[in-house]
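In what follows, a single structure is set out as structure tokens and then discussed.
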Amino acid sequence: MEKMVKTFPQHKCNWLKGRFAFYKYQEFWNIQEFLEGGILAQQSFKARPSDVFLCSAPKTGTTWLKALAFAILTRHQYDESTSPLLKTMPNECIPLLEKDLEQVEDNHKNSCFPLVGTHLPYSSLPESILTSNCKIVYIYRNIKDVIVSHYHFLREAAKLPMEDAPFEEAFDEFCEGKSWCGPYWDHILGYWKARLERPEIILFLKYEDMRKDPTSNVKRLAEFIGYPFTIEEEKAGVIESIIKMCSFENLSNLEVNKYGKHRAKESNIAIENRHFFRKAKDGDWENYFTNEMIENVDKLIDQKLSATDLVLK
Ligand code: A3P
């Protein structure tokens, strides 16, 4: 697999001093480890109809979505003082299809835990997910904030200070479509088109909407994944407790997320948990973008996504 991936078109990120490379497969760029796992999943993964996939491009709110879905699903086993989310970072509570295939398959054998994460584009999902009519939740986010979040995450992963990682270059590469699981707009478009055809099995959630109105979005999420809140639960404030437990303020201040490491055993992709909890500020892009950048991104969105009803500027 490693040899095969090395034959794919390669892009070395110049702004990261070549410390990161993406490989192009089925029209999307990915890092080697995740691409190998994605291809393996395409070849062998057998979805269960009850599986629920939490899909996203990186840096669009995956960690938050995973925390919320996990808390919703496990709320009868744990409360906000006993939840595994207090000791384990959300990305480790829910396996990623392209990295944790064994764990997903173990869950199939040993439990009825239905949640699986993936950054794979819709067109690269293993066939069995589509033929089994598995439910899909897709989270997306304002492209400008994704560009900034993506910049910092990869920069931290490459252990480069901002002075050595020019934002302008990172911006240009992202807008050329060369980002992790990019082109970002094509990632969104793939799921968006699929939702048009199969609205009953694909739920779209927007990061910014979830920030503005977490209660109704958490309710939608719970209903969609088949774990709706009862009226009694609503009255007892269960939704608000889940939102509070999964809030950026709470999760980012937990010991595990401040000092722990994600994928600690795999030295080439290990990364400190705190890098998944940077700022969570809507509109942080204003601190980075020049007027020309704003114009270029807006044009790009008009060109690529004008056929959708999505607001991404
Ligand atoms: P910023 O880099 O803008 O701060 P992903 O989980 O897909 O990698 O996305 C990471 C982004 O989500 C980061 O954005 C991070 O701060 C933000 N984030 C992480 N946990 C969050 C939470 N509980 N609520 C809101 N945003 C969160």
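Just so you know, ligand 1 is whichever comes first in the structure, and atom 1 is the first atom listed for that ligand. Note that the structure is a prediction, hence the values are computed from the model and not measured.
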Just to be sure I read this right, does ligand 1 sit under 4.0 Å from the backbone of [X], its side chain, both, or neither, counting only heavy atoms?
{"X": "E249", "answer": "neither"}
{"X": "R211", "answer": "side chain"}
{"X": "S252", "answer": "neither"}

Next on the checklist: Counting only heavy atoms, tell me which of F277, F276, Y207, W285 gets closest to atom 27 (C) of ligand 1.
Outcome noted: Y207

Checklist entry - If hydrogens are left out, which of M245, R141, M89 has an atom nearest to atom 14 (O) of ligand 1, that is, the closest non-hydrogen atom? => result R141

Checklist entry - So, the side chain of T62 versus the backbone of P58: is there a donor-acceptor pair under 3.5 Å, distance only? => result no

Checklist entry - Do the side chain of N30 and the main chain of K24 share a donor and acceptor less than 3.5 angstrom apart? => result no

Please report which non-hydrogen protein atom sits nearest to [atom], along with the residue it belongs to and the distance in Å to one decimal place.
{"atom": "atom 13 (C) of ligand 1", "value": "S149 OG, 3.7 Å"}
{"atom": "atom 16 (O) of ligand 1", "value": "R278 N, 3.1 Å"}
{"atom": "atom 23 (N) of ligand 1", "value": "C246 O, 2.8 Å"}
{"atom": "atom 6 (O) of ligand 1", "value": "T63 OG1, 2.5 Å"}
{"atom": "atom 22 (C) of ligand 1", "value": "W64 CG, 3.4 Å"}

Next on the checklist: Side chain or backbone, does A280 bring an N or O within less than 3.5 Å of an N or O on ligand 1?
Outcome noted: yes

Checklist entry - Do any N/O atoms on T62 end up under 3.5 angstrom from N/O atoms on ligand 1? => result yes

Checklist entry - K279 heavy atoms, cut-off 4.0 Å: which ligand 1 atoms fall inside? => result 4 (O), 16 (O)

Checklist entry - Between N91 and R263, is a side-chain hydrogen bond (donor to acceptor under 3.5 Å, both in side chains) present by the stated rule, with each step listed? => result CA-CA 10 Å; N91 292 337; R263 305 203 183 278; over 6 Å; no

Heavy-atom contact under 4.0 Å between [X] and ligand 1?
{"X": "F153", "result": "no"}
{"X": "G61", "result": "yes"}
{"X": "K281", "result": "no"}
{"X": "D145", "result": "no"}
{"X": "K59", "result": "yes"}

Item to check | Distance, nearest 0.5 Å, that separates CD1 of I301 from OH of Y184 | outcome: 9.0 Å

Item to check | N-O pairing of E233 and R75 below 4.0 Å | outcome: yes

Next on the checklist: Between the side chains of K244 and E249, is the shortest nitrogen-to-carboxylate-oxygen separation below 4.0 Å, so that they form an ion pair?
Outcome noted: no

Next on the checklist: Ring of Y122, cation from K193 - is the NZ or CZ under 6.0 Å from the centre and inside 45° of the axis?
Outcome noted: no

Item to check | Atom CD of E200: over 12 foreign heavy atoms under 6.0 Å | outcome: yes

Checklist entry - Taking atom NZ of K87 as the centre, does the number of heavy atoms from other residues, nucleotides or ligands within less than 6.0 Å exceed 12? => result no

Checklist entry - Any side-chain heavy atom of K144 within less than 4.5 Å of one from D298? => result yes

Checklist entry - Do we see a donor-acceptor contact under 3.5 Å between the side chains of T118 and E98? => result yes

